[in-house]
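Each chain gets a letter, A, B and so on, in the order its sequence line appears, and its residues count up from 1.
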2 protein chains.
Amino acid sequence: MREIAREVGVQVGALYNYTPDKQSLLFDLMKSHLDALLAAFQDDADADPVARLKHFVQFHIHFHHDRPDAVFIAYMELRNLTPANFVQIETLRRAYEDRLEAILRAGVITGDFAVADTKIAMRAVIAMLTGINTWFRADGRLSLDDVTAQYWQMVCKAVSASDGSSP
Amino acid sequence: MREIAREVGVQVGALYNYTPDKQSLLFDLMKSHLDALLAAFQDDADADPVARLKHFVQFHIHFHHDRPDAVFIAYMELRNLTPANFVQIETLRRAYEDRLEAILRAGVITGDFAVADTKIAMRAVIAMLTGINTWFRADGRLSLDDVTAQYWQMVCKAVSASDGSSP
DNA sequence: AGGATATCTGAACAAATGTTCAAAACAAAC
DNA sequence: GTTTGTTTTGAACATTTGTTCAGATATCCT
């Protein structure tokens with residue numbers, strides 16, 4: 001709290017005009033992050049599964065890249081939520097994951113994708129993409145668009161029916 | 001420290017016969033984890049890159065599955081290391097990552113793999129595999145061997161030259 | 001301008017946490 | 001069984017951290 005106050009340029013006490021306690025602040029940060037995530041992701045269930053997946057990959061990478069702090073908190077502070085708050089946050093995260101899984105399921109049905117278990121594949125994709133935030137730096141060797149293109153290649157191949165048609 | 005003491009069944013003070021301070025304890029835990037990781041991973045540079053990669057995937061998953069606590073600490077407590085200790089730990093982690101990258105580079109040369117950038121691919125693979133620890137439960141739907149097989153499928157396809165020959 | 005309302009400061013309190021140390025308990029050697 | 005060396009206890013100290021609150025300061029409305 002003192003760290004936040006210093007960053008904001010205010011005394012600690014003043015923060016308590018904006019949050020009843022630290023737990024609520026943490027929870028509100030996470031919840032609004034996940035609400036924004038769910039609201040921002042648009043998916044057209046009638047489109048081609050490959051195009052939907054590509055859009056998901058691009059969306060996920062850019063959305064997370066734009067909010068490094070929120071993403072960091074959402075991952076590192078999970079264990080500091082009360083059980084009740086944890087459940088709520090997990091429910092939201094699950095809802096987002098379900099959107100990806102739905103794409104994968106659709107692709108399996110059309111034959112575009114070949115994965116043994118869509119839930120496993122979904123977790124693999126999410127972990128892969130979210131991992132970018134831990135190492136990507138804008139002043140690095142590659143632009144975010146380069147990185148996005150390469151991740152899309154890998155994700156696409158990883159879940160594709162392996163006939164070499166998609167990438 | 002009090003939590004550790006309670007778990008061990010001893011008073012806090014007694015712990016300080018075994019570690020000069022908490023920072024050293026944390027550092028020693030991480031270092032011995034990474035030393036063990038590097039020592040345990042055997043790689044045959046003359047073997048087929050696909051076989052080497054498969055072995056890496058299986059090794060990584062099982063090694064990390066056997067040490068959930070060490071893995072958890074190695075990821076969540078990184079930011080609590082002193083700068084000097086952080087550098088040492090990062091160097092070890094980097095050494096491990098380099099072993100994977102070497103496999104990918106070898107496969108690119110032989111034409112078994114097709115990735116635009118081996119460092120990016122290496123990070124994607126590591127993130128994917130390490131992510132398993134956050135959700136896998138032994139009493140879940142799938143056995144660790146099932147999960148390993150599926151991840152191997154995905155990793156293999158993700159980095160393969162996309163001619164459908166490898167999986 | 002003056003009063004009502006909102007916001008901030010400065011200092012304090014309480015709990016948690018890393019660390020120390022003298023005395024007690026224990027173990028090993030002769 | 002006494003001596004010597006090691007380990008543990010129990011209590012204390014210093015810092016950090018979440019939180020509160022009375023009084024000061026700023027903002028807004030008429």
Open item on the list: A cation-pi test, strictly: NZ or CZ of R93(B) under 6.0 Å from the centre of the six-membered ring of Y75(B) and no more than 45 degrees from its axis. Yes or no?
Closed with: yes

- [ ] Kindly indicate whether a cation-pi arrangement holds for R99(B) with F59(B), taking the cut-offs as under 6.0 Å to the six-membered ring centre and within 45° of the axis.
- [x] no

Task: Donor-acceptor under 3.5 Å (S160(A) side chain, C156(A) main chain) - done: yes

- [ ] Pick out which of L29(A), D35(A), L34(A) makes a side-chain contact (heavy atoms from CB on, under 4.5 Å) with K31(A).
- [x] D35(A)

Rounded interatomic separation in angstrom, taking [atom1] from [X] and [atom2] from [N]:
{"X": "R2(B)", "N": "dA11(D)", "atom1": "CZ", "atom2": "P", "value": "13 Å"}
{"X": "D21(B)", "N": "dT16(D)", "atom1": "CG", "atom2": "P", "value": "15 Å"}
{"X": "K22(A)", "N": "dT19(D)", "atom1": "NZ", "atom2": "P", "value": "8 Å"}
{"X": "L26(A)", "N": "dT17(D)", "atom1": "CG", "atom2": "C1'", "value": "15 Å"}
{"X": "M1(A)", "N": "dA14(C)", "atom1": "CE", "atom2": "P", "value": "20 Å"}

- [ ] Please check the phosphate of dC8(C) (OP1 and OP2 only) for any side-chain N or O of Y18(A) closer than 4.0 Å.
- [x] yes

TODO: Check each residue of residues 4-17 of chain B for a non-hydrogen atom within less than 4.0 Å of any atom in DNA chain D, then write out the ones that pass by number, or none.
DONE: V10(B), Q11(B), G13(B), A14(B), N17(B)

- [ ] Using a strict 4.0 Å threshold on nitrogen-to-oxygen distance, state whether D98(B) and R94(B) make a salt bridge.
- [x] yes

TODO: Please check if the distance between the ring centroids of Y96(A) and H60(A) is under 6.0 Å.
DONE: yes

Open item on the list: Hydrogens and angles aside, do T118(A) and E101(A) bring a side-chain donor and acceptor to less than 3.5 Å of each other?
Closed with: yes

Open item on the list: Hydrophobic clusters here meaning ILVMFWY residues chained together by side-chain heavy-atom distances under 4.5 Å, can you tell me if W135(B) and F86(A) are in one?
Closed with: yes

Open item on the list: Over the length of the helix from dA1(C)-dT30(D) to dC30(C)-dG1(D), how much do the five-pair end axes diverge, rounded to 10 degrees?
Closed with: 20°

Task: Which residue lies more 5' along DNA chain D, comparing P20(A) with E3(A) via nearest heavy atoms - done: E3(A)

